[in-house]
Structures are given as structure tokens and as C-alpha cells.
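Just so it is clear, the structure is predicted and the values come from calculations on it, not from any experiment. The first residue of the sequence shown is numbered 1, and numbering continues consecutively from there.
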Amino acid sequence: MLDASTLRRLTLALGFALVLAAAGLSVGAAQEAAEPLLKLTILHMNDPHGHYEPYPEEGSAGLVGGFAKAKTIIDQIRRKNEESGRETLVLMAGDLLMGTVFTETFKGELGATLLNSMGFTAMTVGNHEFDYGVGNLFKRLKPDLNCPLLSANIRDESFRPQFDMVKESAIGKTRLVLFGLTTRSSRAEGLFVSDPMCAAKDVLDRYRESDLIIALTHLGSVQDRNLLKACPLIDVIVGGHSHEKLTPSFDTHPRPIVQAGAYARYVGRLDLEVRDGKVEGYKSRLLDLDAEVKDDAEITRVVSEYRRRIPECWFASVGSSEVFLNGADHRGWSVYRTAPVAKLVTHVMAMHAGTQVAITNAGSIRGSLPKGDVNYADLFRVLPFPNRCVKMDLKGVDLQEILRSGVKSSRGYSELLQTFGLTLGKDEPGNLVIEKVRDEEFDPQKTYSVVTNDFLADRLHRQGLPNKDKTPSAKGTPLIRDLVADFIRRKGPISQRLLDELK
């Protein structure tokens, strides 16, 4: 005999079963209808700048970085994920090109070959993809890639998209949406790079909260944070451009922005748990491509074959160095602490121009000089841009203000500067002050002779310095890279004593 309470529970259960039966469903089917947890790994790189082969690093007994080590890590993780039922995406957040003799010689051909071999899912367009011209990008890199090259904000004069804006795919019941954005600093002649915020909002109009939306950007972390605030539908940003190591925590940043440094030194890993298109948890970290990581044999073979095709003149020795001259992480230096390579470069500039002061932007120096033999390819890795010296006269007060604020670019942020000939300090409020110019006391009303590179000279001219009516010129001057090569030939080998005497 059933009591009343038990009878009521049985009646409710029977009623629920009848409702499901009427709908053609079983209890098990109803449970299956709930969205399952999606486990997804995003492996990401950004700003390799042609660093396809491993390279020396201060303090490391062997070579670090490079695509052969990255391939080893990517393949290991991809295999483990397949065994455990995790999905894997492999993303490149721009600036594949410009920085080594590989990109100078092959203009993206090798980069595309390597990305194809490594099984990248998508790449976004970086500003340095345009360094060899728009034609090179459309004729060589874009058609050679097996994965889509994404950018939602690059248009032609008729405002037609020039790249895939979005890559969509389905993982189980989840719609995965990848879209790309490119910094407006891109020198894309004949093309229009629109505001990334507006472009993102236009793309996202067609999607909903149940979609997993990943922005693959080449904007820099400041712009990425603004993008995340402006677009609540974006779940994840995989970024580049600012060469930062960003590994956020879910506790403090439920919608992550990740970045993996630069120069193929790391592979970023982001493990996501997603339900109904929303990230319920994640872990992010950088995977160190140090000397202990084995180089993938196939990538090593391909890079070696291309290296043999590079003209031998690139590998001609220009001298040697007894010390490792660090300069690779140009974002890690301050105006108060000159990188060893920057000290050498700015000294050479000042001696060539016969000026009291030399200034250069840290971003013009992209690598380190190795200990031992130094060839022209090594110098190109340090100074890949075709910069030349420009002389000017600046009042002390203007020079001090330039060092305090940096040189503002067209993108709105300031270039970190490296100097020669100046002794710097801070006043009581903590502002930068020039204490001496060479061995003389600084006078803010005095005019000083200054040499910089043509990139910074152009920026200063746009700011009205030193004379807004006179365009600075570098015509007829050698490349700064060649000046440094000549200095090493004449003064080498480079020793610590020689560096200490550079005044």
C-alpha cells in the first residue's frame, strides 16, 4: 500500500515521462540535449619577424626559439589532445615578416611554407606584412597559405574587404567564430585600414552570445583592452603587435587577452572550458622554446634548404665580439638603461654625424649581437629597417621634453628612446631630467647638436621640431647598419672594455 507522498512523486514522474514521450524524447535524450562542456586548446604565436631558425640568447648554453622547436611542441600537444578528446586551434597573430635575412630574401614564401607544415588554423594580417609592398602580400603570402589570412578592417578604395573577415566552424553544437583585426599603423598603399572597433562591431552584429567568438588581432594590448570593453560578445582575444608576454588568470580576467612575446621565443597555450559559447574557465601559460626543446627534423630541413639559397654575401664576416650584446627584447629597456647594442649603435651614429647627442627608438633595434663571429646577417637581425642618420639642432628644453614623453607616433603612443651622450636623472616629483650633455652641465636654453634616424626625425617634424617648416633629410647618408658594420671592422673585436669606453 503506497502512502500519499510516494503516490504524488510517482504521478509526477509518470507525467514527465509521458510529456517526453509525446515530444518523441527519452529521459536520456533530454539529458543529451543539454550543451556538453567543450574543451579547447588554443596554441598561439605572434610577431616572429622571420625568426624561423633558432638563435643565441644571453645566458643560454644553446640556441633558443625558432619554428622547428615550435613545431615539436605543437605536435606533442595536438597528439595528446586528440587522445583525450580536446580540440586544438593553432593561431598566428601577425607580423610573420620583416626581421631576418629569410624574410628579406624570400618575402614570405618560406613563412607560408612553414605555417602550412605546422598546420596553423588561421593568421591575422600584421603591419609588417606590408613591408615588401601590397603586391608581395597578395601575390606571394596570401595565395601560398593553406589557412585563411584574416582582417576585417582592411578594405580597398571601394570599401570592399581584401581578406577573409571571419572563419566559422562547428565544434559539436558550438559555433566557433574567428575574426581578424589589423593595426591602423599599417602602411598599406592603395588600401584603407578602417577603425578596428567599428569593424569589430560590424562583424559581431551577425552573431549571438551562444557563439564562441575569438578575435585574432594585431593591435597591441592597449587596443585589445579597449576592444574587449567595446565588444561584450568577444570571449577571447589572441593578440600581437606589442611583443608582450600575457598570461592572464580566469579569476581576475574572465575574458582573456593572451600574447606570446615575439621572435618565436614562446608558444602560448590557452586551455578553455566552454559551455553554450561562454568560457567557464581557462588556464594560460607560455611554453618556453629553450635549448632543451628538440628541433623538429622536417622544419629544420626546410629552413636549411632555404638558408642555402641565400646569397653568401649575407654571411660574410664583419668582425667579432668578445661579449654578447643584448638588445633583443627592445620593450624591456628604459630611457635610463640603454641596451648594450643600443649603446653601440647610438655611439656610432654620434661619431658619424659629429654630434653631441644621439637618440634612437628602441623599436628600431630588434635583436642581439652574438659573442664570436659577427656577420652581416647578424647585423640585419639587429637593425632590419633601412634607417639612415639625420642631423638636427634642438634646444635643451625640447630635447628634455622629447625624452620625457618619447616621440609620439601616428598611432598615438610614444616611442621608447635610447640615447648616447646624455647623463639622465630624476627631479623631486620623479620627472626625467638631463643632468649632463657629454661632460658639461645641461642648459635647457642652450642648443645642442643631435643625430637620430629618419623614422624619428619624421615623427619629430610632425610634432613641429626642430623646425616645422624644414623637412629633415637623410639623403645620401649610409644605412646605420652599414655604419655599425664599418665600426666593427675597424675597432673590433668588440670587448667589454671598448663598450665601457664609448663616451
Side-chain angles (χ1 to χ4, degrees), residues 47-57 62-69 95-114 128-133 136-137 140-141 144 262-265 295 299-328 330 341-342 344-345 348-349 352 363-389 453 455 477-494:
D47 301 274
H49 289 287
H51 286 66
Y52 304 138
E53 63 179 359
Y55 51 87
E57 182 179 78
L63 301 178
V64 304
F67 278 35
K69 294 181 187 296
D95 276 4
L96 183 67
L97 304 186
M98 176 52 75
T100 69
V101 294
F102 287 106
T103 57
E104 190 72 2
T105 304
F106 302 112
K107 310 291 192 297
E109 175 188 329
L110 174 56
T113 299
L114 295 178
H128 286 290
E129 266 64 80
F130 294 100
D131 281 2
Y132 301 108
N136 177 77
L137 178 56
R140 196 188 302 256
L141 182 59
D144 287 351
Y263 307 147
R265 183 61 182 82
D295 294 321
I299 296 295
T300 300
R301 181 190 67 77
V302 172
V303 173
S304 297
E305 284 184 0
Y306 274 84
R307 197 179 201 276
R308 286 193 288 270
R309 291 166 51 188
I310 297 173
E312 281 299 315
C313 60
W314 282 105
F315 304 110
S317 176
V318 298
S320 65
S321 179
E322 296 174 359
V323 293
F324 187 97
L325 276 70
N326 203 340
H330 63 278
V341 162
L344 174 65
V345 171
V348 169
M349 291 169 64
H352 169 76
S364 70
I365 297 172
R366 314 291 278 207
S368 303
L369 273 185
K371 182 179 179 180
D373 184 66
V374 176
N375 60 40
Y376 200 73
D378 295 323
L379 283 177
F380 186 86
R381 192 171 63 249
V382 173
L383 297 164
F385 304 114
N387 294 139
R388 302 173 189 272
C389 287
N453 62 49
F455 174 84
T477 63
L479 293 173
I480 295 173
R481 182 194 317 139
D482 290 335
L483 295 175
V484 176
D486 183 61
F487 179 87
I488 295 174
R489 288 190 189 100
R490 290 185 293 105
K491 298 289 187 178
I494 304 298

Requested in this report: Take Asn387 and Ser364 through the test side chain to side chain donor-acceptor pair (under 3.5 Å) and record every step on the way to the result.
Outcome: CA-CA 8 Å; Asn387 294 139; Ser364 70; 4.8 Å; no

Query - Glu129 side chain to Leu96 backbone, donor-acceptor under 3.5 Å - result: yes

Query raised in the report: Do Asn375 and Ser317 have a side chain donor and acceptor closer than 3.5 Å?
Result: no

Query - CA sep, side-chain torsions, deciding dist, call: Val302, Leu114, side chain to side chain contact (heavy atoms under 4.5 Å, CB included) - result: CA-CA 8 Å; Val302 172; Leu114 295 178; 4.0 Å; yes

Report task. Output yes when a side-chain donor or acceptor of Ser321 lies under 3.5 Å from a complementary backbone atom of Lys371, and no otherwise. Result -> no

Query raised in the report: Minimum heavy-atom separation for Met98 to Tyr132, with atom names?
Result: CE-OH, 3.8 Å

Requested in this report: Check whether any side-chain heavy atom of Pro478 lies under 4.5 Å from a side-chain heavy atom of His352, and answer yes or no.
Outcome: yes

Query raised in the report: Can any side-chain N or O of Arg388 pair as donor or acceptor with the backbone N or O of Thr477 at less than 3.5 Å?
Result: yes

**Report entry** Heavy-atom pair of closest approach, residues Tyr55 and Ala262
**Finding:** OH-O, 4.5 Å

Report task. May I ask you to check whether Tyr376 and Asp482 show a side-chain donor-acceptor distance below 3.5 Å? Result -> yes

Query raised in the report: Would you say the side-chain atoms of Tyr263 pair up with the backbone N or O of Gly99, donor to acceptor, closer than 3.5 Å?
Result: no

Query raised in the report: Are the side chain of Thr105 and the backbone of Phe102 linked by a donor-acceptor contact shorter than 3.5 Å?
Result: no

